Structure formats: C-alpha cells, structure tokens
Peer 1: 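Handing you this structure, nothing more for now.
Computed from a predicted structure; not experimentally measured. Only heavy atoms go into these numbers, but all of them, side chains included; no hydrogens, no water, no symmetry mates.
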Amino acid sequence: VIESELISEFSISPMPARNTAWMNLNLSKESQMRIAVLDARGAEIALLHNGQIASGQHRMAIEVGNWAAGTYFVRGEGPNGMFQSPLIVY
C-alpha cells in the first residue's frame, strides 16, 4: 500500500526472508519520515529510520535472523503520506 505522491518505488526482497530483507525506497523529494517494523498485533519491534530522509533511491537492510517465523509489516509515515508492506520471515 502506497498513499503518497513522494514515493515512486517501494519494495521488500527477498520474500520470504530468512536472515536479511532489503527495503528499497525511492523518494521524489526530501521528507521527514518514520519507518518501522510491526508485528502481526501492530506492536513496533524495530525502528529503521526516524527523521529527515533525502530524495532519491534508498536501500535499507532489515536483519530478521533472530525473529520468529511469521508475517510482519514495514510501515513508513510522514507528513505527505504513508506506505506499508508485509514482510514474511521463515
């Protein structure tokens, strides 16, 4: 789900992930953004970024090797919208 004019690309790979997942994000302009991983109940389990993020292509590692198998959600929020995607760990 992408609900922002600033985001031209957002993806997570590989899916499912075992040790490391990669989040790819492309922003059309600099923005304030909070990016976190939530568990199935909506509890935040990891904070990936909180603050200004430059325009352009970004690639962030999500280390999932110690997480229980299951479905998580990567969620980004800012003043100009949000994005969310499932992250499956096995």
Peer 1: Over all heavy atoms of both residues, which pair between Val64 and Thr20 is shortest? Give the atoms and the distance, please.
Peer 2: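 Heavy atoms only, the tightest pair is CG2-N, 4.1 Å.
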Peer 1: So, do Ile62 and Met23 sit near enough that their side-chain heavy atoms are less than 4.5 Å apart?
Peer 2: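 Result yes, sub-4.5 Å side-chain heavy-atom pair found.
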Peer 1: Let me confirm one number: the CG-OG distance from Leu6 to Ser31, rounded to the nearest 0.5 Å.
Peer 2: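 Going from the CG atom of Leu6 to the OG atom of Ser31 covers 5.0 Å.
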Peer 1: If you group Ile, Leu, Val, Met, Phe, Trp and Tyr by side-chain heavy-atom gaps below 4.5 Å, do Phe10 and Trp22 land in one group?
Peer 2: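 The answer is no; the residues belong to distinct hydrophobic clusters.
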Peer 1: Please test Ile53 against Met60 for side chain to side chain contact (heavy atoms under 4.5 Å, CB included), starting from the C-alpha separation and ending with a verdict.
Peer 2: CA-CA 12 Å; Ile53 190 166; Met60 297 180 188; 3.7 Å; yes
Peer 1: Looking at His49 and Gly51, would you say the former's side chain and the latter's main chain have a donor-acceptor pair under 3.5 Å?
Peer 2: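 Answer holds: yes.
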Peer 1: With Glu44, which residues qualify under salt bridge (Lys or Arg N to Asp or Glu O under 4.0 Å), at least two apart?
Peer 2: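 Residues passing salt bridge (Lys or Arg N to Asp or Glu O under 4.0 Å) with Glu44: Arg34.
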Peer 1: Just how far is it from atom CD of Gln57 to atom CG of Leu27, taken to the nearest 0.5 Å?
Peer 2: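 Separation between the atoms: 9.0 Å.
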Peer 1: I'd like to know if Met15 and Leu38 are part of one continuous hydrophobic network [Ile/Leu/Val/Met/Phe/Trp/Tyr, side-chain heavy atoms within less than 4.5 Å].
Peer 2: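 As far as the 4.5 Å side-chain criterion goes, Met15 and Leu38 are not connected within one cluster.
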Peer 1: Classify the side-chain pair Ser55/Glu30 by whether it contains a donor and acceptor separated by less than 3.5 Å.
Peer 2: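 There is no such pair between these side chains.
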Peer 1: Determine whether more than 12 heavy atoms belonging to other residues, nucleotides or ligands lie under 6.0 Å from atom CD of Glu5.
Peer 2: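 No, because the 6.0 Å sphere around CD of Glu5 holds 12 heavy atoms or fewer from other groups.
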Peer 1: Run the numbers on Val37 and Leu48 for side chain to side chain contact (heavy atoms under 4.5 Å, CB included), then give the verdict.
Peer 2: CA-CA 7 Å; Val37 180; Leu48 304 178; 4.0 Å; yes
Peer 1: Which atom names give the shortest non-hydrogen contact between Glu9 and Ser11, and what distance separates them?
Peer 2: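 For Glu9 versus Ser11, the nearest heavy atoms are OE2-OG, 4.0 Å.
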Peer 1: Does Asp39 have any side chain to side chain donor-acceptor pair (under 3.5 Å) partners at least two apart in sequence or in another chain, and if so, which?
Peer 2: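 With neighbours one apart ignored, the set is Arg41.
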Peer 1: Can you give me every donor-acceptor pair (side chain of residues 72-90, partner residue at least two apart or in another chain, under 3.5 Å) with its distance?
Peer 2:
| from | atom 1 | to | atom 2 | distance (Å) |
| --- | --- | --- | --- | --- |
| Tyr72 | OH | Ala68 | O | 2.7 |
| Arg75 | NH1 | Gln84 | OE1 | 2.8 |
| Arg75 | NH2 | Glu77 | OE2 | 3.2 |

